[in-house]
K.L.:
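A single structure is presented below for examination.
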Amino acid sequence: MTTIKGEGRLGELLVREGLITDAQLADALREQQGRSTYVPLGHILVEQKLVTRRQLNLLLESAEKRPRLGELLVRSASITAAQLAHALERQRSMHLPLGQVLIRLGYVSDETMRLALALQLNIPFVDLDQMNIDRALTRLINRSYARRHSLVPVACVGQTLTVCMDDPTDQQAVEELSRSTGLLVTVLTSSHDAITHAFLRMYGDTQQEGATAEQHLELAAEDESDSATGSRYVEDMREVKKADGLVRQLLAVALSRRATDIHLETLAAALHVRFRIDGVLQELAMGQLQDSCNARVREIVSRLKVLGKLDIAERRRPQDGSFRMKVDRGGEQTSVDFRISVVPGYYGESVVLRVLDRKSVPKSLEELGFSPLITDKLREMLKRPAGILLITGPTGSGKSSTLYASLMTLYKPQIRIVTAEDPIEYVYEQFSQSEVNERIGNTFASYLRAFLRHDPEVIMVGEVRDEETAEMAFRAAQTGHLLLTTLHTNDALSAVIRLRDLKVDPNLIASSLLGVLAQRLVRAVCPQCKTEYAPSAELLKEFFDTTPPDLKWYKGKGCAHCNFTGYRGRLAIAELWVPNENDVILIAKNASFEDLRVSAARSTIFMAEDAANRLRGGATNLEELIRMLPYSSIYRFRQIARQPPAPLA
């Protein structure tokens, strides 16, 4: 039996990881040889339900064994090797994805290319023209977002949303949808024409809407004329007061529900109001308040512009501002800051308000809610007089809260703490805070240069995002300063790769890096409606390749306390890497990532271990973990389920 070399190694890796047996691998290889057209080994294993698509994708990504699109097309006899070589040569001048080049050269059809792409990405290919369209799904993905990313929602079953994407490699769109809907997003693809037809069936004919745009503007102008004659407004001042009252009510709802953001989207005849609560956008039942907002959309937007000191006459360009309001809490007056962003849209301006409530900001490391082991190790690092502590994670993972809590833990009158932020989210009297403004040259790097002449003990930099800032940050650490900053990486160890990309000298990294904390925020099961349940077999298989542990699984049934979501509040799940001596040597030698990964396993508290402890305590559930944890942590979860983690060095 002949076996493709790369797929043989994939099969061996699947056996080694305990996902399949030797006998199952042999059967799958025989099935592959018996097919009339080439089908990747992983696809066959998914068909036979020996592994799930998510397991296979995770393994392919971590082992870098995903087949290339051109190779798949050659193996399936869709193109010749000579045609592939010609297409690759033309790709350099055309600056297009390989699939688009092959279609333009006439070597493959759109459907053939997409079938190969589906095999490469291990996702289903469907005929959307033969599927029924559920227009109720438009409440999950609005028309403008679906058009911008060329996608159509297909189904929503339980906590899983399935979308058909014209570009199934657009991982950023998938992550955005998962964050905004709070659902696990799975992807499939179809032909370009079928996706276009499905979009028109679900959202309406875009050409027809474009033809009536002028008529819509004329109607809007007529409405304004009527208002000028007094048919809608009796007194301007009365309407201003009404708009101000509505704004205050919206802000009060946000504060009472612990919302971090308020999204106000102007529609044709309404104001779409949503609140981001526990990291997920939610629509709240506001009754008469919603009706009043629908009747005074422009007045509400104008009032918010006035509060944010923006130009109320400017409706063509985005604007940003901020304001502060006083809140009476139990007879005590406190201040809450709001950042406002106004963006023009098709029907009018949309507004997003970020709620910056000092009351919700942790005042110490203990209030962050990390595990005791991670909290203790963070405290030890903060006692060091010099070096760099990195906080990593995606947007919305709580990095800023960790930075502020660390600074509050460090603060005492005998030391000076300076910060460079973009923007300043919370104002503290204990720190000297500076805001980045690149238009006038006040960058992170320029502030770092100035800070070194201000004799601080502790420096906080909002983010290391370029080579100059990275160089200055490590120079500050080398000259006897403790520096705290953030990076955008999926896990703790990837911070080294990111620093290498930023051209930081390996010796500087080795001598200055104190540790890396990677974190995520997961929703906590609502304590008021918490109940036992049994996760699906498919979900259990994502986390355990053997019999799952004998645990009690919990979820929220949904109640008024959690707005019927089943979740209330969020928990921090973290991964902490404190480089040991061997790690430092490997970093200085610029060793391969694989060698560093093996060594760092002995000096890392993994996110999967922290998540497992949360599960044992019934604080969260598998549905929330699979939505928020990176693939590497889920992969690690399977490993620690088979054997206990190695002791920390």
Side-chain angles (χ1 to χ4, degrees), residues 17 19 46 49 51-62 121-124 140 155-163 168 171-188 278-280 393-394 396-398 490-491 518-526 530 532-549 551-556 565-567 569-575 606-642:
E17 293 298 326
L19 294 173
V46 172
K49 297 184 178 179
V51 298
T52 67
R53 292 187 188 276
R54 183 178 290 273
Q55 289 171 352
L56 182 60
N57 282 329
L58 175 60
L59 193 63
L60 290 172
E61 291 295 339
S62 63
L121 300 176
N122 191 37
I123 61 174
L140 295 175
C156 185
V157 179
Q159 294 294 311
T160 301
L161 171 65
T162 302
V163 296
Q171 188 61 30
Q172 182 179 353
V174 174
E175 292 174 356
E176 288 176 353
L177 285 175
S178 180
R179 286 196 299 268
S180 64
T181 62
L183 301 172
L184 173 65
V185 178
T186 61
V187 176
L188 46 83
D278 297 333
V280 177
S397 59
N490 279 330
D491 54 32
Q519 63 182 70
R520 296 291 191 279
L521 293 177
V522 299
R523 290 183 293 177
V525 175
C526 176
K530 185 176 182 178
E532 288 189 39
Y533 83 115
S536 67
E538 182 178 358
L539 184 60
L540 288 171
K541 196 172 182 181
E542 299 287 353
F543 288 88
F544 310 100
D545 55 8
T546 57
T547 303
L551 292 178
K552 290 184 178 181
W553 311 98
Y554 294 96
K555 71 173 183 178
T565 62
Y567 300 95
R570 288 192 288 180
L571 305 167
I573 293 182
E575 175 175 286
F606 287 98
M607 195 176 295
E609 299 167 13
D610 201 8
N613 291 330
R614 300 289 191 181
L615 278 178
R616 294 188 191 98
T620 189
N621 51 34
L622 293 177
E623 285 85 353
E624 188 63 10
L625 292 182
I626 202 169
R627 184 178 76 90
M628 293 304 298
L629 292 189
Y631 279 155
S632 58
S633 293
I634 296 177
Y635 182 67
R636 180 71 185 178
F637 205 103
R638 300 175 62 84
Q639 292 179 321
I640 66 173
R642 291 198 294 266

K.L.:
Are the side chains of Y533 and N621 in contact, using a 4.5 Å heavy-atom criterion?
P.N.:
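Of all side-chain heavy-atom pairs linking Y533 with N621, at least one is under 4.5 Å.
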
K.L.:
Is there a side-chain contact between E575 and N490 in this structure, where contact means two heavy atoms from C-beta onward sitting under 4.5 Å apart?
P.N.:
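No, too far: nothing below the 4.5 Å cut-off.
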
K.L.:
Keeping the roles fixed (side chain from T162, backbone from T186), state whether a donor-acceptor pair exists under 3.5 Å.
P.N.:
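No: the side chain of T162 does not pair with the backbone of T186.
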
K.L.:
In Å and rounded to the nearest 0.5 Å, what is the CE to CZ distance from M628 to R520?
P.N.:
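Rounded to the nearest 0.5 Å, the CE-CZ separation comes out at 7.0 Å.
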
K.L.:
If you compare all heavy atoms of A572 against all heavy atoms of D610, which two are closest, and at what distance to 0.1 Å?
P.N.:
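The pair with the smallest heavy-atom distance is O-OD2, 4.1 Å.
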
K.L.:
Is K541 salt-bridged to E538, cutoff N-O under 4.0 Å?
P.N.:
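Here K541 does not pair with E538 in a salt bridge, since their nearest N and O are not under 4.0 Å apart.
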
K.L.:
On a heavy-atom basis, which atom in S633 and which in A608 lie closest, and how many Å separate them?
P.N.:
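Where S633 meets A608 most closely, the heavy atoms are O-CB, 3.4 Å.
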
K.L.:
Going from CG on L521 to CG on L571, what distance comes out if it is rounded to the nearest 0.5 angstrom?
P.N.:
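So the CG of L521 and the CG of L571 are separated by 8.5 Å.
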
K.L.:
What I'd like to find out is whether the side chain of W553 reaches to under 4.5 Å of the side chain of L540, using heavy atoms alone.
P.N.:
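In contact.
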
K.L.:
Side chains of L551 and R616: closer than 4.5 Å at any heavy-atom pair?
P.N.:
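L551 vs R616: side chains touch.
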
K.L.:
For S632 versus D491, what's the shortest heavy-atom pair and its separation?
P.N.:
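Smallest heavy-atom distance, with atoms named: OG-OD2, 3.6 Å.
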
K.L.:
Would you check if the side chain of Q519 reaches a backbone N or O of S397 as a donor-acceptor pair within less than 3.5 Å?
P.N.:
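Yes.
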
K.L.:
Does some side-chain heavy atom of V185 sit less than 4.5 Å from a side-chain heavy atom of V163?
P.N.:
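Touching, per the 4.5 Å side-chain cut-off.
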
K.L.:
Where is the tightest heavy-atom contact between V525 and K530, given as atom of each residue plus distance?
P.N.:
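Minimum heavy-atom contact is CG1-CG, 3.8 Å.
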
K.L.:
For a quick test of reading the model, state the closest non-hydrogen atom pair linking L629 to A611 and the distance between them.
P.N.:
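Scanning both residues completely, I find the closest heavy atoms to be CD1-CB, 4.0 Å.
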
K.L.:
For residues E623 and Q159, report the shortest heavy-atom separation together with the two atoms involved.
P.N.:
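Taking every non-hydrogen atom into account, CG-CG, 4.4 Å.
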
K.L.:
Taking only residues two or more places apart in sequence, or in another chain, which ones meet P168 in a side-chain contact (heavy atoms from CB on, under 4.5 Å)?
P.N.:
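P168 satisfies side-chain contact (heavy atoms from CB on, under 4.5 Å) with L117, L121, I123, V187, T189 only.
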
K.L.:
Checking D278 now: which residues fulfil salt bridge (charged side-chain N to carboxylate O under 4.0 Å, His left out) with it, not counting sequence neighbours?
P.N.:
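Here the qualifying residues are R258.
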
K.L.:
Working to the nearest 0.5 Å, report the span between CD1 of I634 and CE of M607.
P.N.:
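Answer for the CD1-CE pair, I634 versus M607, is 11.0 Å.
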
K.L.:
I'd like to check L184 versus L161 (side-chain heavy atoms, cut-off strictly below 4.5 Å). Are they in contact?
P.N.:
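The answer is no; the side chains never approach within 4.5 Å.
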
K.L.:
So, do R636 and E609 sit near enough that their side-chain heavy atoms are less than 4.5 Å apart?
P.N.:
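SC-SC contact between R636 and E609 confirmed.
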
K.L.:
Check whether E624 reaches the backbone of R523 with its side chain - one donor and one acceptor, N or O, closer than 3.5 Å.
P.N.:
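Yes; at least one donor-acceptor contact below 3.5 Å.
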
K.L.:
Find the distance between CZ (F543) and CD1 (I626) and round it off to the nearest 0.5 Å.
P.N.:
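The CD1 atom of I626 is 5.0 Å from CZ of F543, to the nearest 0.5 Å.
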
K.L.:
Can you confirm whether more than 12 heavy atoms, excluding those of Q172, are under 6.0 Å from its CD atom?
P.N.:
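For Q172, atom CD is not crowded (no more than 12 foreign heavy atoms under 6.0 Å).
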
K.L.:
Using modelled atom types only, decide if a donor and an acceptor are shared between the side chain of T181 and the backbone of L177 within a distance under 3.5 Å.
P.N.:
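Answer holds: yes.
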
K.L.:
Any heavy-atom pair between the side chains of Y567 and V280 that's under 4.5 Å?
P.N.:
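With C-beta onward as the side chain, the pair stays apart.
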
K.L.:
I'd like to know if the side chain of R627 and the backbone of L622 have a donor-acceptor N/O pair within less than 3.5 Å.
P.N.:
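No, because the side chain of R627 does not come within donor-acceptor range (under 3.5 Å) of the backbone of L622.
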
